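First the structure, in the form of structure tokens, and then the observations on it.
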Amino acid sequence: MNDLETLRHTLLEKPGAVEETPFGPEALVYKVGGKMFALIGWVNAPLTITLKCDPDEALFLREHFSAVKPGYYMNKQHWNTVTLDGSVPADDVRYMIDQSYRLVYQKLPARTRAAIQGGSTP
């Protein structure tokens, strides 16, 4: 999970996910319903990804993985930045992506969620 194309594919396969570059070409932003759930620093070596997280879980992940830090330029309580240097297992990165998407999706208005899912929820 440390190459850009795999990461982009994983993020864009989420229902309603779109890729944008509102902060410039060096930061790929992934949104659902107009709300950000991931940001990739793709010019970094290694790649970094910033993801929304439950505050308690954010602290747990930071304690267990040295590559997980408080979100860079984000609300440190709710966002983590993960350096994709191979030290965090791919399954854990996928879990963090899923959680970030879910947290953002659940806060969307019901009408937006229904439009994304065609009337069903993930």
Side-chain angles (χ1 to χ4, degrees):
M1 184 66 73
N2 58 358
D3 76 272
L4 181 58
E5 288 312 309
T6 300
L7 199 54
R8 289 175 80 192
H9 176 75
T10 300
L11 293 162
L12 288 171
E13 72 183 4
K14 300 289 181 201
V18 296
E19 179 184 271
E20 299 178 357
T21 54
F23 307 124
E26 64 281 347
L28 301 174
V29 174
Y30 296 84
K31 295 181 177 181
V32 60
K35 302 293 183 182
M36 184 172 77
F37 71 95
L39 182 148
I40 299 174
W42 69 271
V43 295
N44 303 331
L47 295 172
T48 60
I49 185 167
T50 301
L51 299 163
K52 191 165 182 104
C53 194
D54 170 80
D56 292 330
E57 190 166 11
L59 293 173
F60 173 83
L61 292 167
R62 292 172 199 166
E63 290 171 4
H64 284 81
F65 297 109
S66 62
V68 178
K69 304 285 185 207
Y72 189 66
Y73 282 117
M74 305 296 281
N75 179 322
K76 310 289 188 236
Q77 184 178 6
H78 295 277
W79 292 84
N80 278 339
T81 296
V82 183
T83 300
L84 300 173
D85 58 4
S87 66
V88 179
D91 286 344
D92 290 321
V93 174
R94 278 189 211 90
Y95 170 81
M96 289 184 237
I97 290 169
D98 290 346
Q99 287 300 99
S100 181
Y101 176 86
R102 202 169 293 122
L103 285 168
V104 173
Y105 178 86
Q106 289 173 343
K107 294 285 187 176
L108 295 174
R111 178 179 288 169
T112 303
R113 291 193 315 266
I116 290 167
Q117 294 299 321
S120 63
T121 58

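Not measured: the values here are computed from a predicted model. We count residues from 1, following the sequence as given.
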[Y] reachable from [X] in the ILVMFWY side-chain graph, under 4.5 Å edges:
| X | Y | result |
| --- | --- | --- |
| Leu47 | Phe37 | yes |
| Phe65 | Val82 | yes |
| Tyr73 | Val29 | no |
| Val93 | Val104 | yes |

Going by heavy atoms in the side chains, are [X] and [Y] under 4.5 Å from each other?
| X | Y | value |
| --- | --- | --- |
| Met74 | Met36 | yes |
| Met96 | Tyr101 | no |
| Ile49 | Leu84 | yes |
| Tyr30 | Leu12 | yes |
| Lys69 | Thr83 | no |
| Thr48 | Ile40 | no |

Any donor and acceptor pair, going by atom type alone, linking the side chain of [X] with main-chain N or O of [Y] inside 3.5 Å?
| X | Y | value |
| --- | --- | --- |
| His64 | Phe60 | yes |
| Arg62 | Val68 | no |
| Lys76 | Gly71 | yes |

Spatial distance of atom OG1 (Thr81) from atom CG (Leu51) [nearest 0.5 Å]: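 Answer rounded to 0.5 Å: 8.0 Å.
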Approximate separation, where rounding is to 0.5 Å, of Leu28 CG and Leu11 CG: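 Result: 9.5 Å between the selected atoms.
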side-chain hydrogen bond (donor to acceptor under 3.5 Å, both in side chains) between Asp85 and Ser87, worked out: CA-CA 6 Å; Asp85 58 4; Ser87 66; 2.6 Å; yes
Arg94: salt bridge (Lys or Arg N to Asp or Glu O under 4.0 Å) partners, not counting sequence neighbours: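 Scan of Arg94 (salt bridge (Lys or Arg N to Asp or Glu O under 4.0 Å), adjacent residues dropped) gives Asp91.
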